[in-house]
There are 2 protein chains.
Amino acid sequence: MERQSNLVTGSIDSLLLCLLYQQPMYGYQIIKELEERSRSYFKFKEGTLYPALHRLEKSGLLDGKWQTTAVGRQRRYYHITEKGYKSLAKRRVQWLDFLSAMNLIIRPVSA
Amino acid sequence: MERQSNLVTGSIDSLLLCLLYQQPMYGYQIIKELEERSRSYFKFKEGTLYPALHRLEKSGLLDGKWQTTAVGRQRRYYHITEKGYKSLAKRRVQWLDFLSAMNLIIRPVSA
DNA sequence: ATTTATACCTAGCTTGGCTAGGTAATAGTA
DNA sequence: TACTATTACCTAGCCAAGCTAGGTATAAAT
């Protein structure tokens, strides 16, 4: 299972929105979740994730809130916003369109 | 049909290798072919394509040869190399792995 | 004669992933 | 007790790469 990081690049924001639509999470958790759910395919670097979360929050697609655990640890939980959900819906369509286009090139149908 | 250019970014080199594996082509032709075959989804900019072709040639995946048409027009035809074909085969696997991983996140299967 | 299409090129802007560092608290271990 | 690993966050700066916006030149069409 070899990862080509270029491929992932364009889908990072969508992956985050998709995950946080299912459930609010904090950064460190997101990294672990993505790795586990994808059977170790996705291994987000912190230098990739945190700036991405900040970007998405700044553009209003996510909303981050600090929470303190029982043991006093600080975590920043990210929730998807209404705007974020709309963006996610749009991205799902774009993803399918992209797949269709890729298939037309990769697997050309004989006329 | 809305294109999210980020999505395409990681697949540009693979698309070119895939296309040129089927048949050698010159730059301008590649742009037209990709647009036609993908039903207008792909609309490569020259500033994207030419540097990509040069990059792939420099790294030995493509081989470019100048040819002159009957009317005297100069065209640079790109052929895929042995190394390029091996790379393409690898990229096909990576593409499928990527799709699998994406599906695991986008369409989580209930346990 | 002018415009459009063909056919190539690239300097420089900008976005964004990632490296490589940092801080700080908790949990586990020798 | 001291050390290491894990959790949890952050970011300056490097670097790759798409794209804008320009350029050159020829051929075809109007």
Side-chain angles (χ1 to χ4, degrees), chain A residues 3-17 20 24-36 41-59 61-78 91 94 98 101, chain B residues 3-17 20 24-36 41-59 61-78 91 94 98 101:
Chain A
R3 196 171 57 261
Q4 192 201 343
S5 56
N6 306 345
L7 279 178
V8 183
T9 297
S11 308
I12 291 178
D13 292 2
S14 298
L15 282 171
L16 296 180
L17 290 173
L20 297 172
M25 295 185 190
Y26 57 95
Y28 195 81
Q29 182 185 14
I30 291 173
I31 292 178
K32 300 299 175 191
E33 280 285 331
L34 281 177
E35 179 164 3
E36 190 185 334
Y41 182 87
F42 294 120
K43 290 172 185 280
F44 277 43
K45 312 294 181 187
E46 298 188 348
T48 300
L49 181 72
Y50 289 113
L53 289 173
H54 300 162
R55 217 168 40 235
L56 289 169
E57 185 173 19
K58 185 172 280 183
S59 54
L61 306 185
L62 293 182
D63 184 27
K65 279 170 185 151
W66 284 107
Q67 283 187 28
T68 310
T69 64
V71 288
R73 190 181 283 283
Q74 291 287 303
R75 290 169 174 169
R76 190 161 178 82
Y77 278 84
Y78 288 92
R91 285 160 193 268
Q94 289 173 344
F98 171 61
Chain B
R3 195 172 58 261
Q4 192 200 342
S5 57
N6 305 344
L7 279 178
V8 183
T9 297
S11 309
I12 291 178
D13 292 3
S14 297
L15 282 171
L16 297 180
L17 290 173
L20 296 173
M25 295 185 191
Y26 57 95
Y28 194 81
Q29 182 186 12
I30 291 173
I31 292 178
K32 300 299 174 192
E33 280 285 332
L34 280 176
E35 179 164 3
E36 191 186 332
Y41 182 87
F42 295 120
K43 290 171 185 281
F44 277 43
K45 311 294 182 188
E46 298 188 348
T48 300
L49 181 72
Y50 289 113
L53 289 173
H54 299 162
R55 218 166 41 234
L56 289 170
E57 185 173 20
K58 184 172 281 183
S59 54
L61 306 185
L62 292 182
D63 184 27
K65 279 170 185 152
W66 284 107
Q67 282 187 30
T68 309
T69 64
V71 288
R73 191 182 282 284
Q74 292 287 304
R75 290 170 174 169
R76 190 162 177 82
Y77 277 85
Y78 288 92
R91 285 160 193 269
Q94 289 172 344
F98 171 61

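A, B, ... follow the sequence lines: proteins, then strands. Residue 1 opens every chain.
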Checking the side chain of A:Gln94 only, and the main-chain atoms of B:Gln4 only, is there a donor and an acceptor separated by less than 3.5 Å? no

When the distance from [atom1] of [X] to [atom2] of [N] is rounded to whole Å, what number comes out?
X: B:Lys43; N: D:dC19; atom1: NZ; atom2: P; value: 13 Å
X: B:Phe42; N: D:dG18; atom1: CZ; atom2: C1'; value: 15 Å
X: B:Ile30; N: C:dT6; atom1: CD1; atom2: P; value: 15 Å
X: B:Glu33; N: C:dA7; atom1: CD; atom2: P; value: 12 Å
X: B:Lys45; N: C:dA11; atom1: NZ; atom2: C1'; value: 19 Å
X: B:Leu49; N: D:dT20; atom1: CG; atom2: C1'; value: 16 Å
X: B:Ile31; N: C:dA7; atom1: CD1; atom2: C1'; value: 9 Å

With a 4.5 Å limit on heavy-atom distance, are the side chains of A:Tyr26 and A:Gln67 in contact? no

Is the closest side-chain heavy-atom distance between A:Tyr28 and A:Arg75 below 4.5 Å? no

Sugar-phosphate or base contact per nucleotide [nucleotides 2-17 of chain D; S, B, -; heavy atom under 4.0 Å]: -----BBBBB-----S

Over 60° means perpendicular and under 30° means parallel, so classify the ring planes of A:Tyr41 and B:Phe98, tilted if in between. tilted

Output a table of donor-acceptor pairs, distance under 3.5 Å, between side-chain atoms of residues 43-53 of chain A and any protein atom two or more places apart or on a different chain; print 'none' if there are none.
from, atom 1, to, atom 2, distance (Å)
A:Lys43, NZ, A:Glu35, OE2, 2.9

Closest non-hydrogen atom pair, A:Leu17 against A:Arg91: CD1-NE, 3.5 Å

